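What follows is a short report on a single structure.
Not measured: the values here are computed from a predicted model.
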Amino acid sequence: MTPAGLKPEALLPCYGMAEATLAMSFVPLDEPLRTDRIDSERYHGEAKAVPVSNGAAFLEVVSCGRTFPGHQVVAKDEQGRILPDRAVGELCFRGPSVTAGYWENPEATRAAFRDGWLHTGDLGYMVDGEVYVSGRIKDILIVNGRNYYPQAIEWVLDDMAGLRKGSTVVFSRPGKSSEEVVVVTETREADLASLRAAIAGKVSDEMQLAVADVAFVAPGALPKTSSGKLQRRKTRDLYLAGKLVKSGTRPSSTRLLAARHAAVALVGRARHIARGWFR
């Protein structure tokens, strides 16, 4: 950040959910972004966030700060017990800003709100009152009895030549003896066979995981939320149903979305120029 001229204080990590009226924890305005480097093997094998040492493989997790007065975030195990610092579990939240439930959906309310706590579905841990979010429970890949997080594999591939940055989704599919890893990524490359081999090799080298399949789709074809986030579970559903848009084609809905984004960008640029004229 600093070499590019961005002040460390310019980024404000936080943790929030709509069910909690958004905000759950914040880093103070005058503090820079901080990360926690933890031992990758112990995180995946023991569900513990142990500080890395002796050059071991590590994961880097961002501190999301502390909760507000009268509110509380904890990590819980599957039995609902509050875990000690650096034990990884489901993050749960309680306080006066939490909603009473979901509108006309008692089943979803019972699933998420238990014993006065909102069960977020997020994985993470606590350290001296600070919240560290490390993944989503439903997104975990269980391969040969070990837990892997799709985000870690996606990050490994994010800067790979030939792939569209920030447009790779990893999930699992049922296999004969264990779940199998699938990569779906956007690309314009023509030599897909070589790219498929390169992706499988990189995941094997970096994560010691075998990739069962690589599916290439057209730029803009991966499903996203209204805020632009990739939808991992919807991508998996489309893949299993054989409905992914293959590389080389581009759906009309995607073209319309791209046109809308271009129009918004042009309007924003025009406003910026106009402000410069009238200063």
Side-chain angles (χ1 to χ4, degrees), residues 11 13 35 38 40 43-44 57-62 121-124 133-144 146-175 178-251 253-255 257-258 261-262:
L11 299 179
T35 62
I38 58 176
S40 176
Y43 179 84
H44 292 303
F58 65 88
L59 299 173
E60 194 164 15
V61 188
V62 176
D122 292 323
L123 280 173
V133 184
S134 57
R136 286 286 293 171
I137 293 174
K138 291 183 179 179
D139 291 338
I140 292 177
L141 314 181
I142 304 175
V143 182
N144 296 322
R146 291 199 60 184
N147 293 347
Y148 295 89
Y149 298 91
Q151 296 91 342
I153 305 173
E154 292 161 4
W155 294 336
V156 163
L157 299 173
D158 204 31
D159 292 322
M160 189 170 176
L163 303 186
R164 193 178 183 204
K165 188 175 179 64
S167 298
T168 296
V169 170
V170 175
F171 51 82
S172 64
R173 71 181 186 188
S178 175
E179 292 185 23
E180 298 176 339
V181 177
V182 176
V183 176
V184 180
T185 187
E186 296 181 359
T187 185
R188 289 192 174 91
E189 293 294 311
D191 187 358
L192 299 183
S194 296
L195 189 55
R196 181 177 287 108
I199 289 171
K202 190 168 182 63
V203 174
S204 177
D205 291 343
E206 298 284 343
M207 305 294 297
Q208 291 74 55
L209 273 173
V211 173
D213 190 23
V214 178
F216 297 105
V217 298
L222 285 174
K224 296 181 180 180
T225 65
S226 58
S227 60
K229 297 178 182 177
L230 293 174
Q231 293 181 296
R232 189 176 292 107
R233 272 173 280 173
K234 186 172 182 179
T235 303
R236 182 179 187 272
D237 291 343
L238 291 172
Y239 170 86
L240 294 176
K243 296 181 179 179
L244 281 175
V245 180
K246 295 181 180 179
S247 182
T249 60
R250 192 176 178 90
S253 60
T254 301
R255 291 196 297 270
L257 182 61
H261 286 324

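Atom CG of Leu238 and atom NZ of Lys243 lie 7.5 Å apart (nearest 0.5 Å). Atom-to-atom distance recorded for Ile199:CD1 and Leu192:CG is 9.0 Å, nearest 0.5 angstrom. Note that OG1 of Thr187 and CE of Met160 are 9.5 Å apart. Values are rounded to the nearest 0.5 Å. Of the inter-residue distances, the one linking Phe216 atom CZ with Leu163 atom CG reads 7.0 Å to the nearest 0.5 angstrom. In this structure, NZ in Lys224 is found 5.0 Å from OG in Ser167, a value given to the nearest 0.5 Å. One finds the OH atom of Tyr148 at 13.0 Å from the CD1 atom of Ile140 (value rounded to the nearest 0.5 Å).
A donor-acceptor distance shorter than 3.5 angstrom exists from the side chain of Glu186 to the backbone of Leu222, with no hydrogens or angles considered. With hydrogens and angles disregarded, a donor-acceptor distance shorter than 3.5 Å links the side chain of Ser178 to the backbone of Asn144. Here the side chain of Thr225 pairs a donor or acceptor atom with the backbone of Lys229 at under 3.5 angstrom. Checking side-chain atoms of His44 against main-chain N and O of Asn147 turns up a donor-acceptor pair under 3.5 Å. Distance alone, capped at 3.5 Å, is enough to place a donor-acceptor pair between the Glu154 side chain and the Val170 backbone. At distances below 3.5 Å, at least one donor-acceptor pair connects side-chain atoms of Thr235 with backbone N or O atoms of Gln231.
Residues in residues 155-175 take part in these ring pair (Phe, Tyr, Trp, His ring centres under 6.0 Å) pairs, two or more places apart or across chains: Phe171-Tyr239.
We find that Glu179 and Arg146 are not joined by a salt bridge, their nearest charged nitrogen and carboxylate oxygen being 4.0 Å or further apart.
Ser134 and Tyr43 share a side-chain donor-acceptor pair at under 3.5 Å.
Using a 4.5 Å cut-off on side-chain heavy atoms (C-beta onward), Val133 and Leu123 make no contact.
Taking all atoms of both residues into account, the shortest heavy-atom contact from Lys234 to Pro223 is CD-CB, 3.8 Å. What you find for Asp139 and Pro150 is that their closest heavy atoms are O-CD, 3.1 Å. What you find for Ala152 and Met207 is that their closest heavy atoms are CB-CE, 4.0 Å. Summarising the geometry of Val156 relative to Glu206, their closest heavy-atom pair is CG1-CG, 3.7 Å, with the distance given to 0.1 Å. In terms of heavy atoms, Arg236 sits closest to Arg173 at NH2-CA, 4.0 Å. A pairwise comparison of heavy atoms in Gln208 and Asp205 identifies NE2-O, 2.9 Å as the closest pair.
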Check your understanding: Could you go step by step and tell me if Asp159 and Lys165 meet the side-chain contact (heavy atoms from CB on, under 4.5 Å) rule?
Key -> CA-CA 6 Å; Asp159 292 322; Lys165 188 175 179 64; 2.5 Å; yes
